**Student:** 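The structure follows.
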Amino acid sequence: MKNLKISIAHLYPKLLNLYGDIGNVITLIKRCQWHGIEVEFSQINVGDSISEQDLFFIGGGQDKQQEDVSLELLKNKEKFILQRDKGTVFLGICGGYQLLGHYYQPHNKDRLEGISLLDAYTIAGNKRFIGNVTAKTDLVLPYTLVGFENHSGLTYLQGDTKPIAMVSVGNGNNGVDKTEGAHFMNVFGTYLHGSFLPKNPHFADYLIELALEKRYNDKFILPKLDDKFELSAHNFLVGRAY
Ligand code: GLN
């Protein structure tokens with residue numbers, strides 16, 4: 001994959017990096033290197049301007065950090081929507097995922113506005129969903145996604161926003177409709193910490209392919225890497241609640 005490049009920006013890593021969600025960014029950068037793809041990497045912190053990117057990542061965090069990030073995201077809502085509509089890839093984890101939707105309503109606090117890249121909304125529930133998750137997806141092969149969830153938010157999908165997977169172990173978006181995560185165009189959200197991408201290398205390469213497609217306006221199928229360790233970790237978790 002010579003002479004290919006993608007830009008990756010990590011949104012508000014100092015505020016939203018619960019459970020080491022930065023591991024997703026490390027995975028994307030490392031896998032690009034293994035594929036021979038150059039990466040222009042940047043971190044976006046409070047007060048920074050937003051430039052066009054091929055891929056944005058935003059991690060999870062507690063309600064307080066989400067409040068601060070919500071205010072920052074809203075300053076650039078129209079820019080993010082324009083980039084979504086041009087095919088930019090977004091991956092949001094848990095709290096970051098919630099802010100990619102319309103809003104997150106915490107307990108006994110003002111609603112946190114999101115940037116509506118996803119037609120979804122989140123309301124704080126009365127219990128925390130904590131534990132391993134296995135979910136069945138049709139986006140990538142192998143058709144499973146694994147991770148760890150820890151959230152009280154209950155997320156509901158609307159319109160053309162669809163889940164990335166259906167839960168077979170764990171709770172996912174709301175513990176009722178069996179959906180996990182969300183996607184619309186190239187915007188993806190998931191409740192899976194772990195961090196998510198190291199144990200789901202197939203999904204990581206899928207996102208890199210989409211980012212390449214956005215930048216070069218062409219389809220890309222990445223060659224398979226030797227993922228025996230990654231998939232061993234993945235398969236160890238498939239079906240496990242504890
Ligand atoms: N504060 C949000 C919730 O509890 C998100 C938590 C997280 O990012 N793990 O649902």
Side-chain angles (χ1 to χ4, degrees), residues 9-19 21 24 44-48 50 53 55-85 88-130 133 135 147 149-165 167 170-193 196:
H10 187 171
L11 292 167
Y12 313 112
K14 294 177 184 169
L15 290 168
L16 292 181
N17 180 28
L18 201 59
Y19 294 108
D21 285 336
N24 293 290
I44 308 289
N45 291 298
V46 172
D48 289 350
I50 301 293
Q53 301 290 329
L55 189 151
F56 284 99
F57 175 78
I58 184 167
Q62 296 307 330
D63 293 12
K64 173 63 184 81
Q65 287 73 34
Q66 285 181 278
E67 285 172 34
D68 298 339
V69 171
S70 164
L71 295 173
E72 280 299 303
L73 287 171
L74 287 175
K75 292 175 188 171
N76 295 286
K77 178 174 180 178
E78 294 317 312
K79 282 187 183 177
F80 285 121
I81 291 174
L82 277 174
Q83 292 202 50
R84 175 202 63 186
D85 294 347
T88 292
V89 178
F90 290 77
L91 176 62
I93 308 292
C94 201
Y97 161 32
Q98 294 169 347
L99 294 177
L100 296 182
H102 300 308
Y103 62 83
Y104 167 49
Q105 175 60 66
H107 283 302
N108 312 318
K109 281 189 183 177
D110 292 343
R111 193 161 98 168
L112 305 186
E113 296 303 324
I115 51 176
S116 299
L117 300 186
L118 296 167
D119 190 357
Y121 63 93
T122 302
I123 298 168
N126 296 320
K127 63 180 274 194
R128 288 200 79 78
F129 293 148
I130 301 175
V133 176
E149 64 181 336
N150 179 346
H151 59 102
S152 70
L154 306 174
T155 297
Y156 300 93
L157 310 183
Q158 302 176 138
D160 294 328
T161 292
K162 304 302 179 195
I164 61 169
V167 171
N171 298 279
N173 282 330
N174 51 54
V176 174
D177 64 13
K178 292 293 183 190
T179 63
E180 160 46 32
H183 79 96
F184 174 67
M185 301 183 79
N186 285 342
V187 181
F188 299 86
T190 179
Y191 273 111
L192 301 187
H193 293 285
F196 174 54

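The first residue of the sequence shown is numbered 1, and numbering continues consecutively from there. Everything numeric here is computed off the predicted structure, so don't read it as measured data.
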**Student:** Is the closest basic N to carboxylate O distance between E67 and K109 below 4.0 Å?
**Tutor:** yes
**Student:** Please answer whether the main-chain N or O of Y156 pairs with a side-chain N or O of N174 as donor and acceptor at a distance below 3.5 Å.
**Tutor:**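 No, the answer is negative, given that no donor and acceptor are paired below the 3.5 Å cut-off.
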**Student:** Where is the tightest heavy-atom contact between H151 and R128, given as atom of each residue plus distance?
**Tutor:** CA-NH2, 3.3 Å
**Student:** Could you report the tightest heavy-atom contact between A9 and I44, atom names first, then the distance?
**Tutor:**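 Result for this residue pair: CB-CG1, 4.1 Å.
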**Student:** To the nearest 0.5 Å, what is the distance between CZ on F188 and OG1 on T190?
**Tutor:** 11.5 Å
**Student:** With rounding to the nearest 0.5 angstrom, report the CG to CG distance, D68 to L73.
**Tutor:**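 Going from CG on D68 over to CG on L73, the span is 11.0 Å.
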**Student:** Return the set of residues passing ring-ring contact (aromatic ring centres under 6.0 Å, His included) with Y12 (not counting sequence neighbours), or none when no residue passes.
**Tutor:**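 Here no residue qualifies.
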**Student:** Does K14 have more than 12 heavy atoms from other residues, nucleotides or ligands lying within 6.0 Å of its NZ?
**Tutor:** no
**Student:** How far apart are the closest heavy atoms of H193 and L18, and which atoms are they?
**Tutor:** ND1-O, 3.8 Å
**Student:** Q105: what forms a side-chain hydrogen bond (donor to acceptor under 3.5 Å, both in side chains) with it, not counting sequence neighbours?
**Tutor:**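 Per chain and number, Q105 pairs via side-chain hydrogen bond (donor to acceptor under 3.5 Å, both in side chains) with no residue.
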**Student:** N45: which residues meet the side-chain hydrogen bond (donor to acceptor under 3.5 Å, both in side chains) condition with it, sequence neighbours left out?
**Tutor:** none
**Student:** Identify the heavy atoms of K77 and S116 that sit nearest to each other, and give their distance.
**Tutor:** NZ-OG, 3.8 Å
**Student:** Is any side-chain heavy atom of D21 closer than 4.5 Å to a side-chain heavy atom of L16?
**Tutor:**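 Side-chain contact under 4.5 Å: no.
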**Student:** With sequence neighbours left out, what residues match T161 under side chain to side chain contact (heavy atoms under 4.5 Å, CB included)?
**Tutor:** L118, D119, L157, A182, F184
**Student:** Nearest 0.5 Å please: distance from the CZ atom of R84 over to the CG atom of L100.
**Tutor:**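 Separation between the atoms: 10.5 Å.
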**Student:** If you take all heavy atoms of T179 and P163, which pair is closest and at what distance?
**Tutor:** CB-CB, 3.7 Å
**Student:** Any heavy-atom pair between the side chains of Q66 and V69 that's under 4.5 Å?
**Tutor:**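 No, side chains not in contact.
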**Student:** Find the distance between CG (L192) and CD (E180) and round it off to the nearest 0.5 Å.
**Tutor:** 4.5 Å
**Student:** Once rounded to the nearest 0.5 Å, what's the spacing between atom OG1 of T122 and atom CG of N173?
**Tutor:** 8.0 Å
**Student:** Can you name the nearest heavy-atom pair linking V133 to N171, along with the distance?
**Tutor:**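 Looking at all heavy atoms of both residues, the shortest contact is CG2-N, 4.5 Å.
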**Student:** Under the ring-ring contact (aromatic ring centres under 6.0 Å, His included) test against Y121, which residue among Y97, Y104, Y103 passes?
**Tutor:**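 Checked Y97, Y104, Y103 against Y121; only one passes ring-ring contact (aromatic ring centres under 6.0 Å, His included): Y103.
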**Student:** Decide side chain to side chain donor-acceptor pair (under 3.5 Å) for Q53 and T88; before the verdict, give the C-alpha distance in whole Å, the side-chain angles of both, and the deciding distance to 0.1 Å.
**Tutor:** CA-CA 7 Å; Q53 301 290 329; T88 292; over 6 Å; no
**Student:** Can you list everything that forms a side-chain hydrogen bond (donor to acceptor under 3.5 Å, both in side chains) with Y191? Sequence neighbours excluded, please.
**Tutor:** Q98, T155
**Student:** If the condition is side chain to side chain contact (heavy atoms under 4.5 Å, CB included), which residues does L71 pass it with, not counting sequence neighbours?
**Tutor:**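 So L71 forms no side chain to side chain contact (heavy atoms under 4.5 Å, CB included) with any residue.
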**Student:** What is the distance from atom CG of L117 to atom CZ of F80, rounded to the nearest 0.5 Å?
**Tutor:** 8.0 Å
**Student:** Within the structure provided, determine whether I93 and F57 are in side-chain contact (heavy-atom separation under 4.5 Å).
**Tutor:** yes
